Every structure is written in structure tokens, then in C-alpha cells.
Amino acid sequence: MPISIDEFDHHESPDRRETNAQRVLRFLIENRNKAFRATEIAEETGVNANSVQPVLNRLRSRELVRHKEPYWAIGDIERIQEAAVFHSTAEFLDEELGSESREAWLAAAEESANDGSGRASEGTNADTSASATETEGTDTSADEDDK
């Protein structure tokens with residue numbers, strides 16, 4: 001179905017949309033005085049009902065949301081702020097220095113193990129350090145697969 005040129009001009013590209021995790025967090029922050037069932041969160045955020053549970057479980061493992069069966073609520077606001085700052089910093093570094101390469105990290109880890117020093121040897125790609133910790137605890141961008 002075609003859209004008007006005005007709609008086209010104001011259309012946001014998919015790569016600029018929020019991740020499912022960001023949508024869930026935004027909703028729970030906006031409703032921080034309430035707790036919701038997963039199905040209610042899915043309905044209110046537009047996150048696919050089959051995706052919302054894995055998203056909530058990942059957010060809980062990062063201590064960004066709380067869960068008491070069958071309800072979900074926002075977690076510690078300071079922790080969420082830290083996660084947002086981390087995510088923003090990682091995005092900036094990826095834009096400036098290039099995105100992470102899991103293969104480069106694995107190769108550097110193997111080199112480090114082989115040279116026995118416990119640290120990566122010279123000659124590893126400097127770009128791989130840009131947002132290295134992105135795979136750790138608080139990054140929400142991994143939830144892109146849940147769209």
C-alpha cells in the first residue's frame with residue numbers, strides 16, 4: 001500500500017527505531033508506579049507477544065526490571081540510567097571507530113592465551129576495543145533480533 005510523500009518524508013528508518021528492550025523499558029519507566037503482566041506489556045508496547053518474555057528475562061538478568069510472578073515492573077532507575085549512558089557511549093564509539101567484530105575478539109583472546117601474558121598481544125585490531133564491553137551486562141542493543 002503506498003503512502004503519501006509527507007508520510008514518506010517523516011518516516012523513520014528501521015535502523016533508527018527503538019529495540020524491543022528499549023520499548024519495554026520506556027513503557028515501564030513511564031508507568032513506574034505499576035506492575036504489568038507480560039501480555040499487557042506486549043500489547044502496550046507493540047512488541048510481539050512471542051518476543052516479550054525473552055526480552056523481559058534478559059532485562060531481569062541485567063537487573064533492569066523486577067519480576068514477581070506474573071507481574072513485571074521497572075528495576076532500579078540508577079541502573080537503567082547507567083545502562084543508557086553505556087549504550088549511548090558504545091553507539092558513539094562504534095560510529096567513530098567502527099563496530100565490534102566478535103571474530104576479532106575471539107582471535108585476540110586466543111592470541112592472548114597462546115602468548116601466556118594474559119593480555120592481547122600487539123597487532124590486534126584497535127577498533128575491536130571501541131565498545132568491547134558491549135557484550136557485557138547492560139547493553140540492550142542485542143535485543144534487535146526480537147523485532
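Small disclaimer: the values here were computed from a predicted structure and weren't measured. Counting from 1, the numbers follow the sequence of the chain as shown.
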To the nearest 0.5 Å, what is the distance between [atom1] ([X]) and [atom2] ([Y])?
X: Thr89; Y: Glu91; atom1: OG1; atom2: CD; result: 9.5 Å
X: Gln53; Y: Asn48; atom1: CD; atom2: CG; result: 12.5 Å
X: Glu63; Y: Glu82; atom1: CD; atom2: CD; result: 10.5 Å
X: Leu56; Y: Ser61; atom1: CG; atom2: OG; result: 11.0 Å
X: Leu28; Y: Lys34; atom1: CG; atom2: NZ; result: 11.5 Å

Could you tell me which non-hydrogen atom of [X] sits nearest to which non-hydrogen atom of [Y], and how far apart they are?
X: Ile74; Y: Arg66; value: O-NE, 2.9 Å
X: Asn20; Y: Ser51; value: ND2-CB, 4.2 Å
X: Ala49; Y: Val52; value: O-CG1, 3.6 Å
X: Trp72; Y: Ala38; value: CD1-N, 3.9 Å
X: Ala21; Y: Val55; value: CA-CG1, 3.7 Å
X: Ile80; Y: Leu64; value: CD1-O, 3.5 Å

Quick one: does [X]'s side chain have a donor or acceptor within less than 3.5 Å of a partner on [Y]'s backbone?
X: Glu40; Y: Arg37; answer: yes
X: Arg23; Y: Thr45; answer: yes
X: Asp76; Y: Arg79; answer: yes

For residues [X] and [Y]: do they belong to one hydrophobic cluster (side chain heavy atoms under 4.5 Å, members Ile, Leu, Val, Met, Phe, Trp, Tyr)?
X: Phe92; Y: Val85; result: no
X: Val24; Y: Tyr71; result: no
X: Ile29; Y: Ile41; result: yes

Problem set entry | Atom CZ of Arg26 with >12 non-hydrogen neighbours under 6.0 angstrom | no

For this session: State whether the number of non-hydrogen atoms from other residues, nucleotides or ligands found under 6.0 Å of Glu30 atom CD is greater than 12.
Result: yes

Seminar exercise, completed: residues 26-65 vs ring-ring contact (aromatic ring centres under 6.0 Å, His included), sequence neighbours excluded, gives Phe27-Phe36

Problem set entry | Side-chain heavy atoms of Leu25 within contact of Val65, under 4.5 Å | yes

